[in-house]
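So you know, we letter chains A, B, ... as the sequences are listed, proteins then strands, and number each from 1.
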Amino acid sequence: MNHPKLADLFNEDEKRVDWHDKALWFVRHKRDLSVHQVQGWETLRNYGRAIKAHTLSNLDAYLEEFESNALENGVQVHWAVNAEEHNEIVHKILDEHKAKKVVKSKSMLTEECHLNPFLESKGIEVIDTDLGERIVQLAKEPPSHIVLPAIHKDRHEVDALFQEHLGTEPCDGNPQYLTNEARKHLREKFIEADAAITGVNFAIAETGEFVVCTNEGNADMGAHLAPVHIACMGVEKIIPKREHLGVFLRLLARSATGQPITTYSSHFKKPREGAKMHIVIVDNGRSEQLGRPDFRASLHCIRCGACMNTCPIYRRSGGHSYNATIPGPIGSILSPGKDLTKHSDLPFASTLCGSCSDVCPVKIDIHTQLYKWRQIITKEVKQPFVKKQSMKLMGKLFANPKQFKISGKIARFALKNLPKKIINAKPNVWGKSRDLPTGQKKSFDDWYKNRQKHGE
Amino acid sequence: MASKEDILSKIKANKPDFIELPDMDFSVFDDRKPILEEFIKKVELAGGSIFEVVSIDDVLDKVSSLFPDAKQNYAALNNSEHFNTLNLENVKQAQDLERLDVLVLESDLGVAENGAVWIDDKQLPLRVLPFITKHLVFVLEKNKVVGFMHEAYQKLNLPETGFGVFISGPSKTADIEQSLVLGAHGALSLTVLLV
């Protein structure tokens, strides 16, 4: 199903959509309050963008620098061309340690690679430990937001899920009780775990260390207890120097939730005594995206989710409607690079209002890239017959002033005189959930000419 | 190794022409807010508590008065033998740490703009301690607080550190209908004692 159809499904529950819309807008508002307190915020964004642009222009050298420093720190480094190789590498490491129980903290990369089902098929238990991710894991769903994975679920659904899977008491969706039960349940998992998998927010070439940011502390609980820690990162997570963390940690949480920093910003450099640490560096299409000048800036993304919170389409269609690992505006410029045909609907899931670009902490020109993907998609992917024909018709109409004038007249007459039933009939998708404006007496052209003549 | 060569050669072929690193002038961020006041504000904003104590000798008394019901305590401070009920040398497995009520650590870096406190392997007898404890207490000298993250990283020139973390407030989540709950997986409360 494509985005409009999945969005329709989400919109069947109007109250839910309204809540979703408002909740995300509230997060966007918190972001505003937070960034307005930062002197020089725009300069900070410029620095973030410039550091990322520089890094991409020297990415191969920084990756090698990172690897050699990590090796020196006693960390083992692995390289994966694609998702399959990533999964094989992770499985091999787990196998070598005879690990059967794995705790995982949030990592969009492992979602992208579908690591969980792969490991489960090999008889390994994988527990997502971020509360939101655990909720969607129990519901057998993918996350619908990269920072708020269970934002599409209400408290009663979580209550029901926990009763079924964790044996909790009915609590009318009390978040305090449910969170506390999840804490107990996951505490056990942390203590039993044979290995911990985490994502990576930033990897520092200069030192070979990597930084993981969480609010819950789940990445640390996993990594410091288990005998093996595997950190999975895309090649674009590299930043050159430690001092650059000063820029990115100031940008990340403020953009994501409005917090000045996440509760935990953990800097992993060397394994603790007696434990092992592995890093898996993954390409999976990123080097190709790097080769597309119009779209390479999408690799600047630090995964804050601000573009989702602000997007009028995302807020009203829900993350699942995008049918992609990364939903929302940023996902809609990343996904077509992976599979143009499968994701050809996504760049159209936008009003091109540009709000995403305005809030992006590293100044990715998201809405421009959405527009550019549309140009490519209409050329390379077969478009629906009706859309193609109507575009052709519109093209002809706009190219012919006489015809344009006449059709305008007809349309104004129709809007004024025809009953709503006919105006909002099925072929007019614009009339589905809104009324069209009433027809004006004059066209703009008439009004303007008249004004020139009479000097109004 | 073939994959590494493959990835690096593709990146080399596809990357744009070299772009210089930006010249950064961190002075543009100076908002002239009073550092200590801002730090106190941000610790509280992050859900933490903050108190001033007269001297380092008063720290453990203050902690005992804040957590009168605590049974298992550990302070990584000098002269804390009477306070410590946990002997780290006897800890063999994670379960032994699970009942830790209060952990007291000394930090030498705080950040005003976000209320974060830095600790690393130097002050951490075991990495998992500040996460697994129920209540976390930091002792921090007032003159160790800097304004911004940029300044913090200028101070953090510790190549020998294997692990370090900025902690701002207690562990938290809002994953159930966006309602904030303190105490997700890590500490349920965080207290900063300024000396």
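Note on A:Ala150, A:Gly40, A:Pro240, A:Ala253: by heavy-atom pairs under 4.5 Å with chain B, the leading option is A:Gly40. Here A:Asn215 is the residue among A:Ile281, A:Asn215, A:Leu148 with the most heavy-atom pairs under 4.5 Å with chain B. When each of B:Val181, B:Leu21, B:Asp23 is checked for heavy-atom pairs under 4.5 Å with chain A, B:Leu21 comes out on top. Of the listed residues (B:Leu182, B:Thr173, B:Val111), the one with the most heavy-atom contacts under 4.5 Å to chain A is B:Thr173. The residue among A:Gly132, A:Ser265, A:Pro271 with the most heavy atom pairs within less than 4.5 Å of chain B is A:Ser265. Chain B forms more heavy-atom pairs under 4.5 Å with one residue of A:Glu273, A:Met221, A:Arg134 than with any other, namely A:Met221. When the candidates A:Asp283, A:Asp220, A:Val211, A:Leu63 are compared by the number of heavy-atom contacts under 4.5 Å with chain B, A:Asp220 comes out ahead.
Nearest approach of B:Met149 to A:Leu249, heavy atoms of both residues: CE-CD1, 3.8 Å. Between A:Leu56 and B:Pro16, the shortest heavy-atom distance links the atoms O-CD, 4.0 Å. Contact record, B:Ser168 with A:Thr262: CB-O, 4.0 Å, taken as the closest heavy-atom pair.
Near-neighbour residues of residues 130-143 of chain B relative to chain A, defined by a heavy atom under 4.5 Å from a heavy atom of that chain, comprise B:Phe131, B:Ile132. Contacts from residues 285-295 of chain A to chain B, taken as heavy-atom pairs separated by less than 4.5 Å, involve A:Ser287, A:Glu288, A:Leu290, A:Gly291 in sequence order. Using a 4.5 Å heavy-atom cut-off against chain A, the contacting residues of residues 44-53 of chain B are B:Leu45.
B:Leu156 CG to A:Glu243 CD: the interatomic distance, rounded to the nearest 0.5 Å, is 12.5 Å. The OG atom of B:Ser9 sits 9.5 Å away from atom CG of A:Asp60, with the distance rounded to the nearest 0.5 Å. Going from atom CG of A:Leu225 over to atom CZ of B:Arg127 covers 12.5 Å, rounded to the nearest 0.5 Å. With values rounded to the nearest 0.5 angstrom, B:Gln95 atom CD is found 10.0 Å from A:Glu188 atom CD.
Between A:Phe268 and B:Phe163, the two ring planes are tilted [angle within 30° to 60°]. Between B:Tyr153 and A:His267, the ring planes lie tilted relative to each other; the angle falls in the 30° to 60° range.
For the pair B:Asp175 and A:Pro149, the minimum side-chain heavy-atom distance is below 4.5 Å. Using a 4.5 Å heavy-atom cutoff, the side chains of B:Lys172 and A:Gln259 are in contact.
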Any chance you could lay out the side chain to side chain contact (heavy atoms under 4.5 Å, CB included) test for A:Glu209 and B:Thr161, step after step, and finish with the verdict?
CA-CA 10 Å; A:Glu209 76 193 309; B:Thr161 313; over 6 Å; no
Show your reasoning for whether side chain to side chain contact (heavy atoms under 4.5 Å, CB included) applies to B:Ile176 and A:Thr179.
CA-CA 8 Å; B:Ile176 299 174; A:Thr179 303; 3.9 Å; yes
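Only the side chain of A:Val158 comes within contact range of chain B, with at least one heavy atom under 4.5 Å from a heavy atom of that chain. Looking at A:Arg187, the atoms closer than 4.5 Å to chain B (heavy atoms on both sides) all sit in the side chain, from C-beta outward. For a residue to count as touching a neighbouring chain, one of its non-hydrogen atoms must lie under 4.5 Å from one of that chain's; by this rule B:Phe166 touches chain A with backbone and side chain alike. For A:Val38, no part sits under 4.5 Å from any heavy atom of chain B, backbone or side chain. Using a 4.5 Å cut-off between heavy atoms, A:Ile151 contacts chain B through its side chain alone, with no backbone atom that close. Contacts of A:Phe26 with chain B are absent, with no heavy-atom separation under 4.5 Å from either backbone or side chain. Interface residue A:His244: only side-chain heavy atoms are found under 4.5 Å from chain B. Of the two parts of A:Leu245, the backbone and the side chain both hold a non-hydrogen atom closer than 4.5 Å to a non-hydrogen atom of chain B. Contacts of A:Ala80 with chain B are made by backbone atoms alone, with heavy-atom separations under 4.5 Å and no side-chain atom involved. The contact between A:Ser266 and chain B is made by backbone and side chain atoms together, counting heavy-atom distances below 4.5 Å. At a 4.5 Å heavy-atom cutoff, the contact between B:Glu113 and chain A is made by backbone and side-chain atoms alike.
Of the possible donor and acceptor atoms, none in the side chain of A:Tyr47 sits under 3.5 Å from a partner among the backbone N and O of B:Phe26. For A:His54 (side chain) and B:Ile19 (main-chain N/O), a donor-acceptor pair under 3.5 Å exists by modelled atom type. Judged purely by atom type and a 3.5 angstrom limit, B:His185 uses its side chain to pair as donor or acceptor with the backbone of A:Thr129. Between the side chain of A:Arg250 and the backbone N or O of B:His150 there is no donor-acceptor pair closer than 3.5 Å. Under a 3.5 Å cut-off, the side chain of A:Arg272 and the backbone N or O of B:Leu126 do not form any donor-acceptor pair.
When only modelled atom types and interatomic distance are considered, B:Ser171 and A:Glu216 share no side-chain donor-acceptor pair under 3.5 Å. Donor-acceptor pairing under 3.5 Å is lacking for the side chains of A:Ser57 and B:Lys15.
Tested against B:Glu177 for a side-chain hydrogen bond (donor to acceptor under 3.5 Å, both in side chains), the candidates A:Arg155, A:His156, A:Lys153 yield a single pass: A:Arg155.
Other residues, nucleotides and ligands place more than 12 heavy atoms under 6.0 Å from the CD atom of A:Gln39. Enclosure of atom NZ in B:Lys144 by more than 12 non-hydrogen atoms of other residues, nucleotides or ligands within 6.0 angstrom is indicated.
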In residues 28-39 of chain B, what donor-acceptor pairs under 3.5 Å come from side-chain atoms, sequence neighbours left out?
| unit_1 | atom_1 | unit_2 | atom_2 | d |
| --- | --- | --- | --- | --- |
| B:Asp30 | OD1 | B:Arg32 | N | 3.1 |
| B:Asp31 | OD1 | B:Lys33 | N | 3.2 |
| B:Lys33 | NZ | A:Gln37 | O | 3.4 |
| B:Glu38 | OE2 | B:Lys42 | NZ | 2.9 |

